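As the structure is a computational prediction, the values presented were derived from the model and not from experiment.
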Amino acid sequence: MALWETIAPCRQRANLRRTIRIALIVGFVLTVINQLDVILKGDATALTGVKIVLNFCVPFVVSNLGVMAATRTAHEL
């Protein structure tokens, strides 16, 4: 299966809306858990910013991997 065929389900509006929503919610929670104290103290650096961005990217990637796995499983049945 070609790369574009593999990621096509992730680009569908319904799936993209769901995975972005998941990334926003989980990313916010992870940021509060892991970085809120640094932000509130005023000690945030560029590295803190990178960590915050990754808090949102990781759940987005993971949820899209779930979409691809589910799609692949559905095609195999």
Side-chain angles (χ1 to χ4, degrees):
M1 197 181 259
L3 176 62
W4 289 112
E5 292 173 12
T6 303
I7 65 170
C10 298
R11 295 173 39 226
Q12 293 175 355
R13 181 178 288 269
N15 289 334
L16 193 55
R17 191 176 315 135
R18 185 180 308 116
T19 57
I20 288 173
R21 190 177 311 130
I22 290 167
L24 290 174
I25 293 167
V26 175
F28 176 77
V29 170
L30 289 173
T31 299
V32 167
I33 292 169
N34 296 319
Q35 305 301 328
L36 187 61
D37 61 329
V38 174
I39 294 169
L40 292 178
K41 287 181 194 173
D43 294 336
T45 63
L47 181 59
T48 307
V50 170
K51 290 177 180 181
I52 291 170
V53 170
L54 290 174
N55 283 339
F56 291 88
C57 290
V58 170
F60 180 73
V61 170
V62 171
S63 60
N64 276 296
L65 288 172
V67 168
M68 290 188 307
T71 303
R72 181 177 170 179
T73 302
H75 285 289
E76 290 175 356
L77 295 178

Non-hydrogen atoms of M68 and I7 that approach each other most closely | SD-CG2, 3.9 Å
[X]: which other cluster members, linking ILVMFWY side chains closer than 4.5 Å, directly or transitively?
X   : value
V67 : none
V58 : V62
L54 : V50

Looking at side-chain heavy atoms only, is the closest gap between F60 and L16 below 4.5 Å?
-> yes
Mind jotting down which residue pairs meet the side-chain hydrogen bond (donor to acceptor under 3.5 Å, both in side chains) criterion with at least one end in residues 10-24? Sequence neighbours excluded, please.
-> Q12-N15, N15-R18
Only pairs under 3.5 Å count here: list side-chain donor-acceptor contacts from residues 22-38, not counting sequence neighbours, and write none if there are none.
unit_1, atom_1, unit_2, atom_2, d
T31, OG1, G27, O, 2.8
T31, OG1, N55, ND2, 3.1
N34, ND2, L30, O, 3.2

Taking a hydrophobic cluster as the set of Ile, Leu, Val, Met, Phe, Trp and Tyr residues connected by side-chain heavy atoms closer than 4.5 Å, whether directly or through intermediates, do W4 and L65 fall within one such cluster?
-> yes
